[in-house]
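In this text the structure is predicted, and so the values were computed from the model without any measurement. Lettering of chains follows the sequences in order, A, B, ..., and the numbering in each one begins at 1.
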Protein chains: 2
Amino acid sequence: MDNRAKILSSALKLFATRGYDAVGTQEIVDAAGITKPTLYHYFGSKEGLLTALLETHFESLYQAVREAATYQHDLPLTLNRVVLAYFNFADKHRLYYRLQLSMWFAPVDSIPFKAVAEINQKQQQLLEDLFLQAANDHGNMKGRHRMYAATFLGMINTYVSLSLNGYASMDDELVYKAVHQFMHGIFS
Amino acid sequence: MDNRAKILSSALKLFATRGYDAVGTQEIVDAAGITKPTLYHYFGSKEGLLTALLETHFESLYQAVREAATYQHDLPLTLNRVVLAYFNFADKHRLYYRLQLSMWFAPVDSIPFKAVAEINQKQQQLLEDLFLQAANDHGNMKGRHRMYAATFLGMINTYVSLSLNGYASMDDELVYKAVHQFMHGIFS
DNA sequence: TCCTTAGTATACCGATTGGTATACAAATCG
DNA sequence: CGATTTGTATACCAATCGGTATACTAAGGA
């Protein structure tokens with residue numbers, strides 16, 4: 001692992017568990033076993049480090065969700081795939097997903113929120129497109145694709161958060177439960 | 001408005017928009033028009049100020065939700081009341097709800113998370129009790145009260161967040177939509 | 001009136017903040 | 001080989017961090 005990777009790894013661990021603003025650059029470089037000029041050589045600023053962290057990890061989540069979210073006239077199947085994609089990713093990159101989750105509702109004028117805004121928007125867009133297409137096959141869904149996208153992602157993040165904190169496990173059963181509840185509610 | 005109230009007000013605005021760790025005590029006292037010893041006289045520490053902020057505002061949310069969540073063998077009605085209670089509160093105390101929301105998924109080892117943990121637990125407990133009682137009338141809900149509570153609160157917070165950012169408005173229609181989706185899913 | 005208490009300001013504390021000027025070493029390239 | 005680029009450390013910067021010692025004022029009770 002080269003120094004750049006060491007810095008990313010240390011920063012991920014610290015940001016995800018204590019928060020961006022609560023962790024100083026000195027602590028990061030100490031944990032990485034290097035010094036500050038090296039950090040600033042690779043990332044330019046503390047904010048640049050955070051951005052690089054998101055760019056490094058988000059791309060693979062984005063690709064996975066994008067593939068899962070291609071609509072083929074079977075909404076239940078597609079939603080299952082999307083939830084599965086999120087669960088697989090979050091389970092494989094637990095620390096990173098913790099970080100992304102902690103930035104999801106960050107204060108609007110904070111650095112973390114600005115850094116994560118594009119990521120949130122890209123996820124929202126993928127899901128909006130999906131529900132927009134699905135509305136062609138399910139007339140009663142028309143005009144609600146934005147709400148569906150937001151609440152679906154909200155539900156996924158709720159389940160992931162429960163799992164990351166040990167109150168559930170991201171297995172096939174939870175995927176089924178999540179999708180079923182989203183589609184049919186709690187009464188069936 | 002006395003000095004204590006001035007400090008609480010300034011701190012709320014700053015914490016909610018920029019985040020607890022990103023705002024220094026000096027900035028808070030400057031905004032309040034007083035000096036540091038006054039802040040430490042009333043709150044003891046920066047963390048104590050945050051705690052006082054939560055205690056000051058959460059109680060009225062808790063009372064409102066507790067009344068709304070008393071089950072009388074009509075789950076749809078009760079859920080409507082709960083969502084309405086949240087919307088009314090969040091709309092009346094927008095800044096505070098932004099703060100509470102930003103701390104909801106805060107990193108586990110951060111001060112904000114520890115400060116908000118009890119609040120999260122109390123809300124979860126209210127909703128768990130509700131779904132536990134409801135499960136007596138709806139057999140197919142049995143054993144899922146924890147999940148229902150978590151996802152219901154997750155959905156409420158998703159809707160509130162959308163509204164606080166201007167993508168929806170917390171009116172009766174949104175209450176109906178939220179409850180309907182939670183109970184019957186998206187297909188009806 | 002005297003004493004105590006609450007509240008507030010001035011001025012300061014050591015530690016840490018994000019960030020950098022300088023120098024040097026290793027690798028790369030012509 | 002010599003020159004240039006990349007990477008890294010030492011040592012430092014002004015500014016800010018959370019917090020406080022001291023002194024003062026105003027108010028209330030005995």
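Because its NZ or CZ atom is both nearer than 6.0 Å to the ring centre of B/Tyr20 and within 45° of the ring axis, B/Lys46 counts as a cation-pi partner of that residue.
Each of B/Arg94, B/Lys92, B/Gln100, B/His93 was scored for a side chain to side chain donor-acceptor pair (under 3.5 Å) with B/Tyr96, with one residue passing: B/Gln100.
Note that CE of A/Met155 and OH of A/Tyr86 are 11.0 Å apart. Values are rounded to the nearest 0.5 Å.
In this entry the distance linking CG of B/Asp21 with C1' of C/dT16 reads 14 Å, nearest Å. Atom CG of B/Asp2 and atom P of C/dT8 are 8 Å apart (whole Å). If you take CG of B/Leu14 and P of D/dT16, they are 15 Å apart, rounded to a whole angstrom. Between the P atom of D/dT10 and the CG atom of A/Asp30 lies a distance of 12 Å, rounded to the nearest Å. Protein atom CD1 of A/Ile111 is 10 Å distant from nucleotide atom C1' of C/dG18, rounded to whole Å. If you take CD1 of B/Ile7 and C1' of C/dA9, they are 13 Å apart, rounded to a whole angstrom. If you measure from atom CG of B/Leu39 to atom P of C/dA6, you get 18 Å, rounded to the nearest angstrom. Rounding to whole angstrom units, CE of residue B/Met1 and C1' of C/dG7 are separated by 17 Å.
Residue-level contact check: A/Val23 touches the backbone only, with heavy atoms under 4.0 Å from sugar-phosphate atoms and none from bases.
Residue B/Gly33 is the one, among B/Gly33 and A/Pro37, whose nearest nucleotide of DNA chain C lies closer to the 5' end (criterion: closest heavy atom).
Using cut-offs of 30° and 60° for the angle between ring planes, the B/Phe87 and B/Tyr159 rings count as tilted. In this pair, A/Trp104 and B/Phe105 present their aromatic rings parallel. The plane angle is below 30°, not in the 30 to 60° band.
For A/Gln26, the listed nucleotide lying nearest its side chain is C/dT17; candidates were C/dT8, D/dT10, C/dT17. In this structure, the nucleotide among C/dA6, D/dT8, D/dG18 sitting nearest to the side chain of A/Thr35 is D/dT8. Here D/dG19 is the nucleotide among D/dG19, C/dT8, D/dA9 with the atom lying nearest to any side-chain atom of B/Lys46. Residue B/Tyr40 places its side chain closer to D/dG19 than to any other of D/dG7, C/dT20, D/dG19. Distance from the side chain of B/Lys36 is smallest to D/dT20 among D/dT20, C/dA9, C/dT20. Listed candidates were C/dA9, D/dT8, D/dG19. Nearest to the side chain of A/His41 is D/dT8.
The side chain of B/Thr25 places no N or O atom within less than 4.0 Å of a non-bridging phosphate oxygen (OP1 or OP2) of D/dG19. Checking the phosphate oxygens (OP1, OP2) of C/dG7, no side-chain nitrogen or oxygen of B/Asn3 falls inside 4.0 Å.
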